[in-house]
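Notes follow the structure.
Numbered from 1 within each chain, the chains take letters A, B, ... in sequence-line order. The structure presented is a predicted model; accordingly, all values stated were derived computationally and were not measured.
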Amino acid sequence: MQSPPKLAKNEKQVMKSLKIIIPLVLGIAGTILVAIGQETPITLEAAKEQGRAKSRFLKETKEAAQTTDAIPKANVAFFHESVGPILKKSCLACHGPEKSEGRLRIDQLNPDLLTGPDVERWREIFNALSKSEMPPVDEPDYALADADRGRIVDWLSGELNMASLIRRNSKEHSSFRRLTKYEYNYALQDLLGLPYSLANPLPPETASEDGFKNSSELLQMSVMQFESYREIGLKALKRATVIGERPQAVTYIISMQEEMDKAASKEAAKDSDKNKKNSKSPRNQQQLFNRETEESIPFAERKTMPRAEAVAGQTPAVSPVVLVLPRSNELKLDLDRFLPDEGIMRVRIRAGRSTMNPDEYASLRLIFSAHTSNNANFSQVVTERDIPVTAPADDPQFIHFDIPLSDIQRNPFRKLTTTFPRRDEFLHIHNVSNAHSVEEPLQVLIDYIEISAPFYEQWPPKTHTDIFIASDNKSDEQLYGREVLARFLRRVWRRPVTSQEIDQFMALFAKYRPGFSTFEEAMVEVLATALATPEFLYLTQRVTTDETKSSATISELEFASRLAMFLWSSIPDDELLKLAEQGKLREPAVLAAQVKRMLADQRSRRFSQNFVEQWLGLDRMNSVTHVTDSALREAMLEEPVAFFEEVLKHNHSIMDFLHSDYAVVNERLAAHYRLPKFYGPHFRKVPITPQTNRGGLLTSAAIMTMNSDGKDSHPLKRGVWMLKRILDDPPPPPPPNVPEVDLTDPEILKMTLKEQIANHRNKPACISCHSKIDPWGLAFENYDALGAYRTHIKNQPVDATSELFNRQTLAGIDGLKRYLLTDRQDQFARAMVHKLTAYALGRPLSFGDRADIDSLTAQFRQRNDGLGDLIQLIVSSNLFNSK
Amino acid sequence: MNDKSMLLSRRTFLHGTGVALALPWFESFAVGSPTKDETPKRFVSVYHPDGVGLPLKSDPAWEDWSWFPRGGETDFKLTKVLDVLEPLRSDITIYSGLSHPAARRVHGHSNADQYLTGAPIGGEGPYRNTISLDQVYAEHAGDFTRHSSLVLSTNGGVGGPRGAQTQSFNREGRPIPAMNKPKQIFDMLFVTSGKDAAERLARSKSALDLLIDNTRSLSRQLSKRDQETLKQYLDAVRDTELKLAKAQKWIDTPIPQVDTKNLHLDAEPKEARLYFQTMYELIYLAFLSDSSRVATFQLGRENGEGPHDLLSLAVGLGGAHGLTHEVKKPDGWKNLGTYNRYQAEEFGRFAQRLKDTPEPTGKGNMLDNTLAMHGSASSSFHLSRNYPIISAGGKNLGFTNGRYLKFGKGNEDNQAGAGIDTDAGWQGKLEVEELPLAKLFVTILQRLGVETDSFGGYTGSLSRV
């Protein structure tokens with residue numbers, strides 16, 4: 001954490017204007033480059049090299065690097081020299097020994113805001129002065145000159161900010177904490193093998209100052225929360241286990257051949273050759289189509305009933321009759337009212353593509369709906385992701401969806417004995433596609449659909465046999481109960497379990513057993529209690545009783561849990577647990593291999609998702625209402641995560657977050673960014689030229705969009721975001737009741753946005769903070785409220801130049817990136833280390849952690865800034881191994 | 001007041017109402033707050049679908065059959081629709097210019113769901129609701145009574161999304177099934193045995209014992225600082241124990257006995273008057289016996305059909321929903337007005353009953369300590385604006401009655417959307433300003449003693465109420 005005055009000092013030392021031509025020796029390449037004058041600035045890639053060469057973490061010795069970030073001290077000297085005399089002149093008459101209005105004695109306040117007792121009084125003075133409430137306007141003798149007011153406000157805002165920083169950072173924080181809502185959800189999913197969201201009844205978490213939701217000091221526990229855990233745990237266990245015989249499944253079969261035959265015979269009865277006439281229907285129309293005879297009939301909706309004799313999972317011969325489903329079309333199936341209340345509905349669809357043009361994709365999505373009466377209706381997408389259809393038409397393949405019927409919105413009237421309100425439930429099979437060819441448009445061809453519920457891969461399901469394991473002792477409830485508990489508790493507590501602990505739970509079982517007809521039902525209640533124990537809900541760190549171990553270090557098992565929470569947001573798997581039990585997990589080679597394995601595992605997606613979301617504050621996108629295209633919104637939210645994954649996967653330098661010569665986008669976002677056209681909904685890396693004005697995370701659409709006011713850019717929000725999220729140098733919060741920019745004032749309306757901002761901040765009370773914030777945001781002026789690049793605003797060319805408080809000129813985004821890359825690499829690297837470590841530890845960092853963070857940063861920079869290396873460094877660090 | 005005298009007073013008084021209600025050591029039940037001599041604060045909301053009659057001024061029916069009163073805040077004059085409330089004039093408040101902003105352009109048929117929640121449920125597509133006003137209060141007051149809230153409707157169950165048959169939604173926005181059979185409601189309130197509940201409680205108690213043991217043994221292995229953090233968990237478990245103890249007391253407390261001879265527990269909606277009165281009577285009895293302090297009651301569902309449509313038989317009219325569609329037919333406004341008048345009459349009867357019953361704690365009458373709301377999420381034909389709302393009582397909670405409170409701007413004579421009978425009406429532009437109904441909800445919650453300054457995303461209470 002860096003404090004503003006300190007930072008300002010560093011700036012002066014480090015800062016070198018690019019306008020000066022300096023020969024630079026670039027360490028790595030060993031080449032001598034001459035930085036070119038302002039007419040043709042160096043490329044951003046060259047700036048990266050040049051900036052890296054300046055790193056103090058690379059040049060200076062470790063010790064020197066550490067001492068640069070000493071704990072801030074109060075600036076009392078400035079008070080005595082400058083602030084004190086002004087206060088004496090303008091305030092003492094009313095707030096001194098003669099009169100002490102508001103019981104304030106200005107001459108008796110301790111000017112040390114960092115350690116002194118008068119911080120709150122000083123805050124009142126700051127508020128009164130910054131709002132120009134004092135001195136009173138009717139006391140012209142004591143009026144404050146703007147420059148003097150500015151001087152006091154400036155000093156006070158700096159000192160107050162530092163004081164709160166110190167308060168926050170002086171407290172040592174423990175990593176002992178409960179799991180977050182999302183961690184608890186994943187832990188339960190992984191433990192029980194259930195792929196659905198389970199934790200919805202829990203309240204959302206609040207983010208810390210750093211933006212993190214896993215921060216120990218904010219993770220509270222309440223009665224309501226505790227009761228929710230108990231309910232969720234029991235409910236989840238009941239879903240994972242089954243009782244009795246395999247239930248009879250309800251199965252619907254829709255064979256296009258049959259549908260065609262049915263329609264044909266109906267039509268034949270009515271009128272002879274209507275079908276034949278239809279056979280010349282437009283190609284791109286939803287219809288049943290016989291690929292051999294080329295006969296066709298329109299087909300969009302069908303009522304279908306379960307078939308008593310049907311067996312799910314069949315693979316009938318491929319039929320020449322197919323449903324032709326063009327882009328954005330859907331088949332609506334009326335399933336009447338026979339789907340069961342619970343269990344998985346498996347929808348199997350055999351589908352192929354009409355053409356194999358690689359620029360086009362088509363995928364299927366399921367929607368569930370009901371229309372119970374006029375205006376009482378709903379429809380809901382029930383699939384988490386669209387599944388692409390990839391097989392050719394001649395060789396169609398099955399794709400399937402599993403939908404948990406108890407989790408989706410159902411028709412509450414389905415069990416009525418009367419027919420109104422309507423009881424039917426509908427399943428829509430929707431083609432999501434970018435098909436665009438005029439000649440041969442890509443369509444999905446479906447010849448067979450099967451819907452079956454409840455669906456079980458096996459009986460009893462694996463989720464059940466993972467809890468009620470196979471054993472020879474099944475007939476002995478006492479013995480078998482202990483076996484079940486031993487296995488379950490080990491996973492729940494992430495440690496070996498003692499026999500006495502099992503006794504405790506068996507005693508509970510004994511109490512419960514008479515109330516239930518089966519062993520399993522009683523045991524499920526016991527296991528639910530285990531899911532409410534603090535050792536499941538919290539990340540523990542025990543005090544060591546073992547004299548041979550350092551008391552500051554967490555145990556091997558605790559380490560395994562911490563590691564799994566960091567990279568999987570969940571509990572450790574069996575492999576991690578075993579290694580920890582054997583005491584091998586922390587052996588450097590083993591640990592490195594495990595981290596690699598964990599990052600390659602699907603579950604590491606949770607790390608990218610949660611870390612990036614919290615680091616960048618992407619939650620704010622939730623309150624954005626001006627993105628109306630849902631595909632664009634989704635793409636916006638995905639981009640930073642996909643970019644992070646790309647950097648992580650290839651161990652690219654984190655400087656790529658500031659700028660990269662590639663973008664990670666999908667079709668929708670590429671179109672938004674006006675990149676060369678390419679196709680498909682999935683994200684991939686594409687090379688870009690400087691002319692695209694993209695690269696890195698700073699200008700990603702989500703960040704520009706959430707830091708806008710809904711209509712236009714918002715330089716202040718963007719500036720604050722840069723300082724908080726990227727440079728880890730948060731500005732002080734604004735004083736209370738700051739006047740808004742008066743947009744009804746005709747003089748102000750005439751000004752450009754930049755002029756309005758300048759006008760606002762030139763008030764003495766505002767300038768000190770705003771001069772540190774606004775320039776960062778103004779540099780983004782070329783990006784509009786959706787993050788699209790623009791050169792003009794209302795026919796005026798965009799003016800995105802700004803000047804930082806250190807006189808550094810930023811020429812738009814290019815200038816901003818160049819400046820960050822040339823002069824702020826160390827600050828960004830340290831910020832990144834700080835953020836990632838705070839997330840990994842699940843606690844705010846304090847002054848006590850500074851040396852560790854510095855040394856981590858030094859090692860990281862020496863290893864060339866690779867994100868993958870940073871993960872490895874963090875998990876091997878002292879911090880990550882300490883309590 | 002000591003337990004004994006209070007017990008006596010309640011018992012004596014119950015005899016006086018013609019209902020024999022035995023209350024053994026009922027009032028001595030006092031685990032946690034509130035203190036036992038505190039007067040209950042009650043809330044009930046009655047919802048009726050299909051809105052009210054709102055003819056144009058130029059229409060001859062305007063004089064008699066326009067729902068909203070005429071005149072100013074205190075000198076208002078009730079039309080024929082509400083004149084049945086004249087005897088209660090000093091105990092009621094009528095509101096205009098309030099609605100939920102998110103629903104203002106959604107078809108009235110879809111909107112019963114959001115009347116007490118204010119959620120942006122929209123007219124189609126995915127559906128998500130939020131907690132209702134009564135449930136926010138039930139979270140606060142629910143522990144003081146055997147039943148945290150009473151959720152009733154004529155149709156029962158939850159209905160469908162955008163076709164609710166319940167007014168109550170829990171914290172997750174899920175509908176709470178409404179009860180609609182007087183006999184079942186009565187049994188739940190005054191007959192049900194607690195055997196299942198007792199078994200569940202016993203299990204919970206054993207589980208909590210184990211959790212406390214387990215937490216203590218973990219705590220011993222933690223640093224002082226971490227023990228502090230874990231203490232929060234232990235407190236949560238202990239507080240849950242207290243709640244269980246409370247629930248246990250309810251199980252052990254004999255259920256109040258009510259004489260059923262004057263209750264028509266088999267009444268069905270087609271016997272409209274009897275059914276209406278029985279449902280209201282059950283709410284009254286639940287309040288009287290302090291079995292619950294929160295209730296909602298939905299009369300039917302939007303868009304007619306089902307039991308609700310029969311309720312207008314009470315005034316000899318068929319098809320309640322149809323009445324709103326037929327306002328332009330001969331006597332159309334009169335018929336709709338007559339049905340609305342009947343709804344007001346029954347609401348008035350219920351309010352009067354509360355008013356005639358002295359509060360057992362001695363603080364005024366029961367109406368003074370109850371806020372009873374009556375309203376709909378549409379005014380004119382399918383138009384989700386300017387909700388017609390009446391509240392009664394609440395004097396001891398801080399409500400000043402005898403007033404007609406107009407909110408918003410530009411619609412002082414309630415003519416915006418008046419006289420419409422096509423769908424162009426509800427889709428029409430918003431030309432007048434209305435205030436968010438949520439602000440009234442904030443006022444209500446605050447007066448009921450819930451510390452909050454926002455509801456459904458709207459901050460601040462409603463001035464003048």
Completion exercise
Of B:G125, B:G122, B:A112, the largest count of non-hydrogen pairs under 4.5 angstrom with chain A goes to B:G125
Problem - Exam field: side chain A:E183 to backbone A:T180, donor-acceptor pair closer than 3.5 Å - result: yes
Problem - CD on B:E172 to CG on B:N129, rounded to 0.5 Å - result: 12.5 Å
Exercise for the section: Please confirm whether the backbone N or O of B:S168 pairs with a side-chain atom of B:T166, one donor and one acceptor, at under 3.5 Å? Expected result: yes
Handout entry: side chain to side chain donor-acceptor pair (under 3.5 Å) partner of B:Q298, chosen from B:Q167, B:Q165, B:H48
Key = B:Q167
Completion exercise
Rounded to the nearest 0.5 Å, the CZ atom of A:F368 sits from the CG atom of A:L427 at a distance of 7.0 Å
Exercise for the section: Answer with side chain, backbone, both or neither: which region of B:V106 has an atom nearer than 4.5 Å to a non-hydrogen atom of chain A? Expected result: neither
Problem - Carboxylate-amine/guanidinium proximity below 4.0 Å for A:D341 and A:K415 - result: yes
Completion exercise
Of A:H371, A:Q225, A:Q220, the largest count of non-hydrogen pairs under 4.5 angstrom with chain B goes to A:Q220
Handout entry: Atom group of A:R177 that falls short of 4.5 Å from chain B, counting heavy atoms
Key = neither
Problem - Most chain B-contacting option - heavy-atom pairs closer than 4.5 Å, from A:P534, A:A376, A:A370 - result: A:P534
Exercise for the section: Mind checking ring pair (Phe, Tyr, Trp, His ring centres under 6.0 Å) for A:F488 and listing every partner two or more places apart, or none if nothing turns up? Expected result: none
Practice task
Select one option (side chain, backbone, both, neither) describing which atoms of A:P421 are under 4.5 Å from chain B's heavy atoms.
Solution key: side chain
Completion exercise
Okay, A:N411 and chain B: the region with an atom under 4.5 Å from a heavy atom over there is neither
Handout entry: Part of A:F378 lying under 4.5 Å from any heavy atom of chain B
Key = both
Problem - Spatial distance of atom CG (B:D113) from atom OG (B:S132) [nearest 0.5 Å] - result: 11.0 Å
Handout entry: Contact winner vs chain B - A:T372, A:L508, A:L537, heavy-atom pairs under 4.5 Å
Key = A:L508
Handout entry: Contact winner vs chain A - B:A236, B:P126, B:P161, heavy-atom pairs under 4.5 Å
Key = B:P161
Completion exercise
Here the gap from A:S197 atom OG to A:D407 atom CG, rounded to the nearest 0.5 Å, amounts to 7.0 Å
Exercise for the section: Return the option, out of A:R230, A:R178, A:K511, with the maximum number of heavy-atom pairs under 4.5 Å with chain B. Expected result: A:R230
Problem - Heavy-atom contact with chain B under 4.5 Å, split by part of A:Q504 - result: both
Problem - By ring pair (Phe, Tyr, Trp, His ring centres under 6.0 Å) - contacts of B:F169 (at least two apart) - result: none
Problem - ring pair (Phe, Tyr, Trp, His ring centres under 6.0 Å) partners for A:Y229, two or more places apart - result: A:Y184
Exercise for the section: Give me the contact list for residues 211-235 of chain B versus chain A, heavy atoms only, anything under 4.5 Å, ordered by residue number. Expected result: B:L211, B:D213, B:N214, B:T215, B:L218, B:Q221, B:L222, B:S223, B:R225, B:D226, B:T229, B:L230, B:Q232, B:Y233
Problem - Structural part of A:S373 lying under 4.5 Å from a heavy atom of chain B - result: both
Problem - Between B:H107 and B:H109, ring centroids under 6.0 Å - result: yes
Handout entry: Residue selection (most heavy-atom pairs with chain A, distance under 4.5 Å) from B:G157, B:G159, B:G123, B:G163
Key = B:G159
Exercise for the section: Could you check A:Q541 against A:R562 for side-chain contact (heavy atoms from CB on, under 4.5 Å), going step by step and ending with a plain yes or no? Expected result: CA-CA 10 Å; A:Q541 35 187 24; A:R562 190 179 276 186; 3.2 Å; yes
Problem - Part of A:T418 lying under 4.5 Å from any heavy atom of chain B - result: neither
